[in-house]
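Quick caveat, the model's predicted, so the values are computed rather than measured. So that the names make sense, note that chain A is the first sequence line, chain B the second, and so on, each numbered from 1.
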Amino acid sequence: MPELPEVETVRRALTPVMTGATITKADIRRPNLRWDLAPDLAARLEGQNIVDVTRRAKIIQVWLAQDVMLIHLGMSGSIRISDHAPNGRAHDHIEWQVSQEGVKHWITFNDPRRFGYVDILRRADHDSHPSLAALGPEPLSDAFSEAYLEDKLQGKTVPIKSFLLDQRQIAGLGNIYVCEALFRAGISPRRRADTVIGKRARRLLPSIRDVLEAAIAQGGTSLRDHRQPDGKLGYFVQSLDVYGREGAPCHRCATPIKAIRQSGRSSFYCPLCQR
DNA sequence: CTCCTGACCTGAGTGC
DNA sequence: TGCACTCAGGTCAGGA
């Protein structure tokens, strides 16, 4: 579910509530999500002060004095912030209680499909964590440059769609925003990555940045599960050009949007605008 | 190495 | 209503 813009939306909502607060309680309601949870997760969290809340790719990082907690929302994960003890809903797997200057908040991790995970590790081990070590650059950072992209595209025979989904190349894109970025860049998802050169390559990078920034500004895209932590929808769904629009007219040329399957995932594109 | 498929899970939607 | 089937914002192990 949540790609970079949705996760960033969650991070921005968590920051004022968590940063500087103390975790007064961590209620772990099942032993595993995607993987087994650390058996000492609650013990390592309770009583700790939260120093910072950051994001890397689709992962939220909650920094404590000695440890860092990683939260990945998988396909169907979401986080709610409440100013009173919430009524438990189905699939509320973890609930944190935080307190700051006497003000309490309850933060709930809900994930029906349990493809998400929560992990805790020593800060010193952060960079070598399996889900972080191999990640490519953040698309909104300077590390993601034309030179970088050109270099990585070289020799890649996979479709550009698969290349952009590969978190080792660029971190944080998922199915929606890859489709949308390729539409904005006028590149067919079927095109071999190593043939994205020249004009196409130069359009790709700003297309990725623009679509991510626009989506963050709208609170992400709510299709099924995604909600902002205050329960509001993400409104970027109204700005989608191709994702989920099979048969509907292209916003640029009115040709019906086409849907195909590539390595098990749906791709949506305009067969006329995207070559 | 690179690339592709299937598996992990639940719930919503569709068609009979 | 019920049932069978398909599909879904992600990733990872295993095999070609």
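For A:Tyr243, counting side-chain heavy atoms from C-beta on, the closest listed nucleotide (B:dC4, B:dT10, C:dA8) is C:dA8. The nucleotide whose nearest atom lies closest to any side-chain atom of A:Gln167 is, among C:dT11, B:dG11, C:dG10, C:dT11.
Side-chain atoms of A:Arg113 come within donor-acceptor range of the base of C:dA8, with a qualifying N/O pair under 3.5 Å. A donor N or O paired with an acceptor N or O is found under 3.5 Å between the base of C:dT11 and the side-chain atoms of A:Arg34.
Stacking here means ring centres nearer than 5.5 Å and ring planes tilted less than 30 degrees, and by that measure A:Phe115 stacks onto B:dC8.
Counting any heavy atom pair closer than 4.0 Å across all strands shown, A:Gly174 reaches sugar-phosphate atoms only and no base atom. Within 4.0 Å of A:Ser266, counting heavy atoms only, lie sugar-phosphate atoms of the nucleic acid but no base atom. Backbone-only engagement by A:Arg261 is indicated by non-hydrogen atom pairs under 4.0 Å involving sugar-phosphate atoms exclusively.
Nearest-nucleotide mapping onto DNA chain B: of A:Pro159 and A:His91, the residue sitting toward the 5' end is A:Pro159. Comparing A:Arg168 and A:Gln262, the nucleotide of DNA chain B nearest to each residue sits closer to the 5' end for A:Arg168.
Ion pairing of A:Arg55 with A:Glu138 is present here, as a side-chain N (NZ or NE/NH1/NH2) and a carboxylate O approach within less than 4.0 Å. The pair A:Asp67-A:Arg44 meets the salt-bridge criterion, with a side-chain N (NZ, NE, NH1 or NH2) lying under 4.0 Å from an Asp/Glu carboxylate O. With salt bridges taken as basic N to acidic carboxylate O contacts below 4.0 Å, none links A:Arg209 and A:Glu213. Remark: A:Glu146 does not engage A:Arg202 in a salt bridge, criterion side-chain N to carboxylate O under 4.0 Å. Electrostatic pairing of A:Asp92 and A:Arg89 counts as a salt bridge here, judged by a charged N lying under 4.0 Å from a carboxylate O.
Applying the Watson-Crick and G-U wobble criteria (two distances, each under 3.5 Å), C:dC3 pairs with B:dG15.
Residue A:Lys161 contributes atom NZ, which lies 9 Å from atom P of C:dG10 at whole-angstrom precision. Residue A:Leu223 contributes atom CG, which lies 15 Å from atom C1' of B:dG11 at whole-angstrom precision. When rounded to the nearest whole Å, the span between CZ of A:Arg192 and C1' of B:dT2 equals 13 Å. The CZ atom of A:Arg265 sits 9 Å away from the C1' atom of C:dA8 (whole-angstrom rounding). Whole-Å rounding puts the A:Gln169 CD to C:dG10 C1' distance at 17 Å. Here B:dT2 presents its P atom at 13 Å from CG of A:Asp194, a figure rounded to the nearest Å. Atom-to-atom, CG of A:Leu173 to C1' of C:dG10 comes out at 13 Å; the value is rounded to the nearest Å. We find that NZ of A:Lys152 is positioned 13 Å from P of B:dC1, with the value rounded to whole Å.
Taking 4.0 angstrom as the limit, A:His72 places a side-chain polar atom (N or O) nearer than this to OP1 or OP2 of C:dT11. Dashed line: the shortest gap from a side-chain N or O of A:Thr157 to OP1 or OP2 of B:dC3 is under 4.0 Å. Between A:Lys156 and B:dT2 there is no side-chain polar atom (N or O) within less than 4.0 angstrom of OP1 or OP2.
When A:Val196, A:Asn175, A:Val178 are each tested for a side-chain contact (heavy atoms from CB on, under 4.5 Å) with A:Leu164, only one passes: A:Val178.
Taking the P atom of each, B:dC9 and C:dG14 are spaced 15 Å apart, rounded to whole Å.
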